[in-house]
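Okay, structure first, notes after.
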Amino acid sequence: MAEREQISMSPPEVDAFLRAKDRLFLGLLDGEGAPTATTSRYVYEDGYLYFTLPSAAPELARLRRDARVCAIVEQVPSYYEIKAVTLHGRAEEVSDDATRARLRRSLGEQSPIGDGQTLLRIPLMGVVSFDFAKIQRRP
Amino acid sequence: MTNPPDDPLTAEVEAFLRAHTRTFLFTLRRDGSPTVHPMTGIYRDGALWFNTYRKSAKARNLERDGRAACLVTSGVTETPFRALLLEGRAEIMPIGTEWPGLRERVAGAPTPIPGTGSDAARRTQERIRSGKRIVARMVPSAARFV
């Protein structure tokens with residue numbers, strides 16, 4: 001087994017980790033195709049990371065032009081406690097009222113959904129994960 | 001000495017970079033989509049410095065296209081949480097280039113991530129000297145807090 005596979009998280013571990021955390025770091029593309037980035041609080045539900053961006057933010061215009069993104073959620077209290085989950089996919093705008101109402105409660109005041117905010121989501125695909133605690137448990 | 005007016009490295013930006021090392025490096029994959037690599041970034045001489053394995057995806061991505069972005073962050077439990085976005089180009093340095101501060105960490109200075117000591121720093125130093133690991137630097141052309 002390759003070293004990366006030995007320290008990757010199982011799907012239930014990825015699920016539990018994403019539920020326990022609340023901040024993502026998002027990579028996207030600027031108008032010239034160069035990488036740029038931002039950060040947001042998120043909620044993980046139904047296999048998606050949900051987050052908001054200000055509707056006037058340049059990042060939103062960029063995502064409408066090219067929706068390809070990557071996102072990472074991580075923790076680094078110490079070397080052997082490092083865990084991270086990385087996703088690669090496409091960001092989607094969420095406009096249906098039922099989802100927005102449900103997420104309004106979940107995201108709370110940290111990432112308000114309302115006038116001037118756009119709700120987005122990234123599906124859980126293209127996942128790369130690692131859990132450095134597994135380095136110590138390797139045979 | 002003050003920086004020129006169009007220099008992205010204001011005093012506030014430089015102070016943040018000197019105080020924080022947790023960095024997400026964003027590069028481009030072969031198909032032009034973005035990807036991300038968690039790194040330790042050391043700020044020195046107007047650039048952010050990294051080290052990584054020569055054969056890593058991030059090194060290959062930067063060799064192909066040096067355009068890069070970095071988010072340098074405070075700890076997620078730090079209040080207020082802050083993240084600094086740097087945009088610019090990254091370049092892989094010649095074999096043998098030192099990673100700033102590594103010599104001091106080999107000698108016992110604190111490491112950026114708790115749980116890694118001087119032994120780990122020494123192994124990193126040996127791998128950089130042998131060319132197994134490379135040092136890269138990212139020179140920002142823009143910087144803003146996000």
Side-chain angles (χ1 to χ4, degrees), chain A residues 3-4 20-42 53-54 57-59 62-63 66-91 110 122 125-130 132-133 135-136, chain B residues 20-29 31-40 53 55-58 61-62 65-78 80-90 111-117 119-121 138 140-146:
Chain A
E3 185 174 344
R4 174 172 284 184
K21 300 297 170 188
D22 66 357
R23 179 167 290 281
L24 63 78
F25 301 93
L26 181 76
L28 63 157
L29 300 169
D30 72 10
E32 296 175 346
T36 185
T38 191
T39 179
S40 177
R41 299 272 190 170
Y42 76 87
L53 287 176
E59 289 81 7
R62 289 166 177 168
L63 288 175
D66 190 333
R68 291 180 293 175
V69 293
C70 61
I72 186 167
V73 177
E74 72 143 23
Q75 66 170 33
V76 190
S78 70
Y79 185 76
Y80 287 115
E81 295 173 288
I82 291 176
K83 287 185 181 181
V85 172
T86 304
L87 315 178
H88 295 88
R90 301 179 83 84
Q110 294 288 353
I122 309 170
M125 34 184 315
V127 174
V128 177
S129 67
F130 48 83
F132 278 22
I135 294 173
Q136 292 177 304
Chain B
H20 299 93
T21 59
R22 196 58 186 159
T23 302
F24 300 100
L25 169 66
F26 296 87
T27 64
L28 295 172
R29 299 199 290 191
D31 66 0
S33 64
T35 188
V36 57
H37 322 277
M39 307 288 287
T40 297
Y53 282 101
K55 293 182 178 176
S56 66
K58 58 187 94 61
N61 289 352
L62 290 176
D65 190 332
R67 291 179 295 174
C70 292
L71 276 179
V72 182
T73 77
S74 58
V76 290
T77 57
E78 216 172 295
F81 172 79
R82 298 188 85 191
L84 174 66
L85 171 64
L86 304 176
E87 296 168 313
R89 297 192 74 86
T111 53
I113 297 177
T116 55
D119 286 348
M138 192 266 199
S141 53
R144 64 185 167 93
F145 287 94
V146 294

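Just so it is clear, the values below take in all heavy atoms, side chains as well, and ignore hydrogens, waters and symmetry mates. Proteins come first, then strands; the chains are lettered A, B, ... in the order of their sequence lines, and each starts at number 1. Given the structure is predicted, the values throughout are model-derived calculations rather than measurements.
Summarising the geometry, atom CD1 belonging to Ile72(A) is positioned 8.5 Å from atom OG1 belonging to Thr35(B); distances are rounded to the nearest 0.5 Å.
By the salt bridge (charged side-chain N to carboxylate O under 4.0 Å, His left out) test, Arg89(B) pairs with no residue at all, sequence neighbours left out. Residues passing the salt bridge (charged side-chain N to carboxylate O under 4.0 Å, His left out) test with Arg62(A): none are found, sequence neighbours excluded.
The closest side-chain heavy-atom distance from Thr73(B) to Phe25(A) is below 4.5 Å. Counting only heavy atoms from C-beta outward, the side chains of Pro38(B) and Phe130(A) approach each other to under 4.5 Å.
Using a 4.5 Å cut-off between heavy atoms, Arg144(B) touches chain A through its side chain atoms alone. Residue contact with chain B, scored on non-hydrogen atoms closer than 4.5 Å, involves the side chain of Glu59(A) exclusively. With a 4.5 angstrom heavy-atom cutoff, Phe26(B) touches chain A via backbone and side-chain atoms both.
Of the listed residues (Leu29(A), Thr86(A), Asp22(A)), the greatest number of heavy-atom pairs within a distance under 4.5 Å of chain B belongs to Leu29(A). Of all the listed residues (Ile82(A), Thr36(A), Val69(A)), the one sharing the greatest number of non-hydrogen pairs under 4.5 Å with chain B is Thr36(A).
When all heavy atoms are compared, the tightest approach of His88(A) to Val36(B) is NE2-N, 4.5 Å. A pairwise comparison of heavy atoms in Gly27(A) and Pro34(B) identifies O-CG, 3.7 Å as the closest pair. Considering every non-hydrogen atom in both Ala37(A) and Leu85(B), the closest pair reads O-CD2, 3.5 Å. Pairing each heavy atom of Ala68(B) with each of Pro35(A), the nearest pair is CA-CG, 3.6 Å.
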>> One pair to check against salt bridge (charged side-chain N to carboxylate O under 4.0 Å, His left out): Glu74(A) and Arg22(B). What are the steps and the verdict?
In response: CA-CA 11 Å; Glu74(A) 72 143 23; Arg22(B) 196 58 186 159; 2.7 Å; yes
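Here the side chain of Arg23(A) pairs no donor or acceptor atom with the backbone of Phe81(B) at under 3.5 angstrom.
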